[in-house]
Amino acid sequence: MYRFLVKPRWIAFHVLVLALMVTMVNLGFWQLRRLDERRAANHEVSSRTSAAVVSTADLPADSRAAQWRRVTVAGVWDPAGQVLIRNRSLDGLPGLHVVTALRDRAGHAVLVNRGFIALADEANPPAPTPGPVTVVGRVRVTQTRGRLGPRDPATGTLTTLNRVDVARVQQQSADTLAPFYLELVTENPLPAKAPLPLPLPGLDEGPHLSYAIQWFIFSACAAAGWVLVVRKSAGKAGHDRGRARNAEAPLP
């Protein structure tokens with residue numbers, strides 16, 4: 001009854017179904033791995049942002065090991081070196097991020113992402129507080145271009161960039177910048193007008209678990225579909241053979 005399964009077109013069908021099943025199962029496990037990565041990242045953000053505020057001198061040398069830690073820095077803003085980061089959004093509103101260097105008493109400086117402004121305010125972003133200030137900010141690693149990301153000009157003095165690239169800003173800064181930058185949390189004293197502070201990233205687990213379940217269900221459906229097709233074809237083949245035997249049988 002099932003000899004037809006070894007015919008070339010059926011072998012191609014088996015291989016296709018098996019390839020689809022293997023692909024969908026792997027996609028399901030890939031989504032589970034992404035879920036584990038998301039959970040680890042969420043734990044990192046929540047644990048480090050809830051840790052005690054420290055000074056920049058107490059941070060580990062590796063900026064990635066310090067990411068999301070809250071630090072306090074006292075100094076004076078350097079509005080002359082301020083840059084805007086284009087193509088940003090907040091609550092669905094397009095705009096820019098305002099990044100300003102904060103210089104401490106020892107002559108060191110760190111870039112601080114002071115927050116979000118709407119596109120309409122690009123020509124006149126809020127000025128930083130004059131005089132000494134104390135800020136608390138979250139440590140973030142410098143941003144770099146991906147494979148397909150837009151490029152910033154390699155030379156010249158830029159007022160608008162595509163990302164918070166500390167090395168690129170360093171090229172046009174007289175200060176020695178820290179290798180990381182900060183996302184502003186609090187500032188004392190407050191300026192008369194300030195950019196909107198940046199929220200923490202969402203700590204939900206995303207759709208990865210539901211996607212994984214969907215891929216596993218699709219794989220099971222492919223297996224079930226294969227069984228139904230084979231049984232239907234086998235039944236049809238048996239029916240056809242029965243009819244052929246009846247047609248060949250001698251009349252009484």
Side-chain angles (χ1 to χ4, degrees), residues 1-51 60-69 85-92 94 97 113 138-152 161-167 179-181 183 198-239:
M1 185 180 298
Y2 292 99
R3 291 179 180 176
F4 65 92
L5 292 178
V6 296
K7 292 182 178 180
R9 66 185 183 91
W10 276 98
I11 293 176
F13 175 66
H14 305 331
V15 171
L16 174 62
V17 172
L18 181 60
L20 288 174
M21 291 176 60
V22 170
T23 300
M24 290 185 286
V25 168
N26 283 330
L27 286 172
F29 283 115
W30 172 62
Q31 288 293 341
L32 292 179
R33 289 193 296 271
R34 293 195 65 188
L35 176 62
D36 289 340
E37 293 169 358
R38 183 70 172 263
R39 287 172 174 170
N42 289 346
H43 175 71
E44 179 181 287
V45 172
S46 60
S47 61
R48 292 184 181 180
T49 54
S50 61
D62 184 0
S63 299
R64 295 188 181 278
Q67 173 133 252
W68 301 112
R69 285 298 305 270
I85 310 301
R86 61 171 69 93
N87 298 327
R88 296 297 182 265
S89 64
L90 183 64
D91 296 331
H97 288 176
N113 188 335
R138 297 184 290 262
V139 175
R140 299 301 310 276
V141 296
T142 182
Q143 297 176 346
T144 56
R145 177 183 177 272
R147 290 184 178 180
L148 302 177
R151 296 179 183 272
D152 288 316
L161 291 84
N162 287 296
R163 60 193 64 85
V164 189
D165 185 342
V166 176
F180 54 85
Y181 72 97
E183 283 182 354
L198 301 182
L200 283 169
L203 298 181
D204 61 280
E205 294 186 348
H208 305 301
L209 180 59
S210 62
Y211 285 170
I213 293 173
Q214 289 176 20
W215 283 120
F216 293 141
I217 291 175
F218 293 158
S219 179
C221 289
W226 178 87
V227 172
L228 291 176
V229 170
V230 168
R231 292 188 63 181
K232 183 177 179 180
S233 299
K236 184 177 182 301
H239 179 70

May I ask you to test the Phe216-Val25 pair for a side-chain heavy-atom distance under 4.5 Å? yes

Any side chain to side chain donor-acceptor pair (under 3.5 Å) involving residues 206-221? Give me the pairs, sequence neighbours left out, ordered by first then second residue. Gln31-His208

Just by distance, no angles: are the side chains of Asn162 and Arg86 close enough, under 3.5 Å, to form a donor-acceptor pair? yes

For Gly149 versus Arg145, what's the shortest heavy-atom pair and its separation? O-NE, 2.5 Å

Rounded to the nearest 0.5 Å, the CD atom of Glu205 sits from the CG atom of Asp36 at a distance of 9.5 Å

If we ignore hydrogens and angles and just use 3.5 Å, is the side chain of Glu183 paired with the main-chain N or O of Arg138 as donor and acceptor? no

Flag the pair Leu200 / Ser46 as yes when at least one side-chain heavy-atom distance between them is below 4.5 Å, and no otherwise. no

Please collect all side chain to side chain donor-acceptor pair (under 3.5 Å) contacts where either partner lies in residues 13-26, sequence neighbours excluded, each pair once. His14-Trp226

At what distance, to the nearest 0.5 angstrom, does CG of Leu209 lie from CG of Leu35? 6.0 Å

Listed partners of Asp62 passing salt bridge (Lys or Arg N to Asp or Glu O under 4.0 Å), at least two apart: none

Passing option when Trp68 is tested against Val45, Val139, Val141 for side-chain contact (heavy atoms from CB on, under 4.5 Å): Val45

I'd like to know whether CG of Asp91 has more than 12 heavy-atom contacts from other residues, nucleotides or ligands below 6.0 angstrom. no

Over all heavy atoms of both residues, which pair between Ala222 and Met21 is shortest? Give the atoms and the distance, please. CB-CG, 3.8 Å

Closest non-hydrogen atoms of Thr144 and Arg163, given as atom of the first, atom of the second and distance, are C-CD, 3.5 Å

What are the two closest heavy atoms between Arg69 and Arg48, and how far apart are they? CD-O, 3.8 Å

Could you walk me through whether His97 and Leu198 satisfy the side chain to side chain contact (heavy atoms under 4.5 Å, CB included) test, starting with their C-alpha distance in whole Å, then the side-chain angles of each, then the deciding distance to 0.1 Å, before giving a yes or no? CA-CA 9 Å; His97 288 176; Leu198 301 182; 3.5 Å; yes

Just wondering, do Leu27 and Phe218 contact through their side chains at under 4.5 Å, heavy atoms? no

Closest non-hydrogen contact found for Val6 with Ile11 is O-CD1, 3.3 Å

Closest approach of Asn42 to Leu203 (non-hydrogen atoms, all atoms of both residues): ND2-O, 3.0 Å

